[in-house]
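Predicted model, so just to flag it, every value in this text is computed and none were measured. In the text below, chain A, chain B and the rest are named by the order of the sequence lines, each starting its count at 1.
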Amino acid sequence: MHNLKDLRKNFDVFKKKILTRNIKIDLNEILLLDEKHRKLIQEKETLEKNKKDISKSKDKSQFEKSKELSLKIEKLSIDQALIKRKLDNIMSLIPNVPLDEVPIGDDEKFNKEIEKKGNIKTFDFKPKPHHELGDNLKMMDFDLASITTGSRFVFLRDKIALLERALINFMIDIHTINNGYREISPPLFASEDTMFGTGQLPKFENDQFEIKLDDKNDRKFLIPTAEVILTNIVREKILNHQDLPMRLVAATPCFRKEAGSYGKDTKGMIRQHQFYKVELVSIVENHKCSDELERMTDCATMILDKLKLPYRKVILCTGDMGFSAEKTYDIEVWLPSENKYREISSCSSCGSFQARRMKSRYKDKNNETFFTGTLNGSGLAIGRTLIAILENYQTNNGDILVPEILKPYMNNLQKISAN
RNA sequence: GGAGAGAUGGCUGAGCGGUUGAAAGCACCGGUCUUGAAAACCGGCAAAGGGGCAACUCUUUCCUGGGUUCGAAUCCCAGUCUCUCCGCCA
C-alpha cells in the first residue's frame, strides 16, 4: 500500500515506476478521486466544527441548528465514505514500487545473474531426474498420493522422508544458532486481514486455499508461505526501535493452488500444492531494508554452500517481482537432470509497503513514528532442496550420497540406497 | 456445547452524559546532577487524516457497527475478540 500524500507529490515519478510492473490500472483516477475526497473532508470538517462549538456553548437556542448540521454532515459522510472506498480499492491493487537498481523488463528474460557459486559435477552417466530416483528407491510415491488425495501431492518414505526432516532441522539450526533468527512455530491458518497485510489479498485470492472453519462469515486461509503469518506478528503494533531488527524463522508446510500453471512442472516434486519451506522474516527500521536484504540473502546461500550445491544468484526485473516486493533476489540451484538452474529461494525487501497495509510501526530514537520495513526469504524451500540433493548426489547405481553436513541429522547414514 | 467476566494511549490501568484526547504508573526522548553509569529530580511524549512554506491549526479515534442526546469512553441494541469455570476431545 502506498502513501497517498507522497504519491500526490511525486505522481509522475510514481506513475513511471509503476508502469514498469506490467499492470493495467488507471492511475489518473486516483488523483481525481483523491481531490474529490479531500474536498468533501474539508466541507464536512467545517460543519463538524460548527456543531462542536454549539454543543460546547450549551446554548439552547442553537440546539435546533445543531440538528440540521447533523443531517448535512451525515450526507457528506456517506459521499465521502463511498469515494474513500473506491480509492482504497484501487490503492490495494497497486504493487510496490521497484528500487532504482532493479532492472526494468516484462518477464524473467530480463532478470540479471549477479553471482555463480559451487562446482557443477560432471557425471560419467546420464543423471536421472529426482522423481525417477525416488521412484526407483521406492521412497517417493506420486501414484499413491493421487489415489488418496489428487495430483500435485506426494508421499515420501523411509530415508527420503528422513532426509526431508533432516533438512528442516539442519536449516533451522543454522538460522537460529549462526544467523540470529528466532524460531517460531506458527498457526498455518491466516485470517483475511492477515492475508491482506502481506499482499496475498485481494488480488491473488485465486491462488489461496480457503478454509471453512464454521458458519461465521469471517474467512480463513491456509498459508501459502510462512511469510504471511510471521510478518503479521507485528500487525497493528507500534514497536520500540530497540525491539528491531526482529528476525524470525519457521519451518512450515505451504499451500498453493498453483492456478495458472496447468501443465507446468507436472512431473515430480517441483511444483506441489503442499510443500515444506523454511522461511526467514525480518522486521527492521525502514532505512535498513537494503542492508538487511543482503544479509538475508547471505543467510539463504549459506545453506547451499554448506550442502555443497551449485547455485546462482539473480536479481529479478520489475515485471517478474512479486506484488509486495521493491527488490528481490532469487537463488537458483543447479539441477543436473534439467541441465539448468531452478529457483530454490526468493528473498525480498518490501520496504514499508506491507507495513502500511498491516499498520506496523515503530518509534525511532527521537520518538518519531515510522512504518517498519519488512523482508522475507526462503531459507530454503525444503522440497526443492531435497530434489537438488537427490539429483546432485546421485550415483550411477541410483544411490544417493548423503551430504557431509547432513549426516549428523540422519543418524550418520552415508548413503540412501534401496531397502 | 453450558455459565460468567472483560476490551481505554507503546504497555499496565483510572474514568462522573458536558475543556477527558482522556488520571496514575511503566517504557521512551531531552535536561540537571555524576569521572562514567545507575538512582534522584525537572521537562516532553497517542494515532490517523485535512489545511498551511512554516510556526501552527482543524477533524476523527477509548474493540467494531448501529441507536438515544444539542452533546457519548460513559446510556441502549447487535456483532467480534479475549479471559475464567464446567462438559467433550487430540
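A:L40 places its CG atom 15 Å from the C1' atom of B:G51, with the value rounded to the nearest Å. Taking atom CG of residue A:L87 and atom P of nucleotide B:G49, one finds them 12 Å apart after rounding to whole Å. Atom CZ of A:F370 and atom P of B:A47 are 11 Å apart (whole Å). As rounded to whole Å, 15 Å separates atom P of B:A48 from atom CE of A:M358. The interatomic distance linking A:R85 (CZ) with B:G49 (P) rounds to 20 Å, in whole Å. Between A:Y362 atom OH and B:C29 atom C1' the separation is 15 Å, expressed in whole Å. Following rounding to the nearest Å, A:E368 (CD) and B:G44 (C1') show an atom-to-atom distance of 14 Å. If you take CG of A:D6 and P of B:A48, they are 13 Å apart, rounded to a whole angstrom.
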Handout entry: Base-contact (B) and sugar-phosphate-only (S) positions in nucleotides 58-77 of chain B, heavy-atom cut-off under 4.0 Å, - elsewhere
Key = BBS---------BS------
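When both distances must be under 3.5 Å, the Watson-Crick or G-U wobble mate of B:C41 is B:G31. In this structure, B:G17 forms no base pair with any nucleotide, since neither Watson-Crick nor G-U wobble geometry is met with both distances under 3.5 Å. As the counterpart of B:C11, B:G25 is assigned, both hydrogen-bonding distances of the Watson-Crick or G-U wobble pattern falling under 3.5 Å. In a base pair of the Watson-Crick type (N1 to N3 plus N6-O4 or O6-N4) or a G-U wobble (N1-O2 and O6-N3), with each distance short of 3.5 Å, B:G6 is matched with B:C81. Nucleotide B:A46 forms a Watson-Crick or G-U wobble pair with B:U61, both donor-acceptor distances falling under 3.5 Å.
If you find the closest nucleotide of RNA chain B to A:K237 and to A:R361, the one lying nearer the 5' end belongs to A:K237.
For the P atoms, the distance from B:A5 to B:A78 is 15 Å, rounded to whole Å. Rounded to whole Å, the separation between the C1' atoms of B:A3 and B:C76 comes to 24 Å. B:U8 and B:C62 have their P atoms separated by 12 Å, with the value rounded to a whole Å. When the P atom is used for both B:C26 and B:G13, the distance is 15 Å, rounded to whole Å. B:U64 and B:A72 have their P atoms separated by 15 Å, given to the nearest Å. Separating the P atom of B:A47 from that of B:C11 is a span of 12 Å, rounded to the nearest Å. The gap from the P atom of B:C29 to that of B:G21 amounts to 29 Å, rounded to the nearest Å. Look at the P atom in both B:C86 and B:C70: the space between them is 49 Å, to the nearest Å.
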Short N/O separations, protein against nucleotides 24-28 of chain B, under 3.5 angstrom:
residue	atom	partner	partner atom	Å
B:C28	O2'	A:N367	OD1	3.1

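At B:A48, none of the side-chain N or O atoms of A:R356 fall inside 4.0 Å of OP1 or OP2 (strictly under the cut-off).
A:R357 forms a cation-pi arrangement with A:F196, by the criterion of a distance under 6.0 Å to the ring centre and an angle within 45° of the ring axis. For A:K220 and A:F189, the positive end is not near the middle of the six-membered ring at less than 6.0 Å and at most 45° from its axis.
Remark: side-chain polar atoms of A:N96 are paired, donor with acceptor, to backbone N or O of A:C350 under 3.5 angstrom. The main-chain N or O of A:E43 is never found under 3.5 Å from a side-chain atom of A:E45 such that the two would form a donor-acceptor pair. A donor-acceptor pair under 3.5 Å links the side-chain atoms of A:R384 to the main chain of A:I270, judged by distance alone. In this structure a side-chain-to-backbone donor-acceptor pair under 3.5 Å is present from A:D141 to A:L144. Checked by atom type and distance alone, the side chain of A:R21 pairs as donor or acceptor with a backbone atom of A:M321 at under 3.5 Å.
Ring geometry for A:F370 against A:Y362 counts as tilted: the plane angle lies between 30° and 60°, on a 0 to 90° scale.
Between A:N111 and A:I315, every side-chain heavy-atom pair lies at or beyond the 4.5 Å cut-off.
Of the charged side-chain nitrogens involved, at least one lies within less than 4.0 Å of a carboxylate oxygen, so that A:E192 and A:R219 count as a salt-bridged pair.
Ring-centre distance between A:F153 and A:H273: below the 6.0 Å cut-off.
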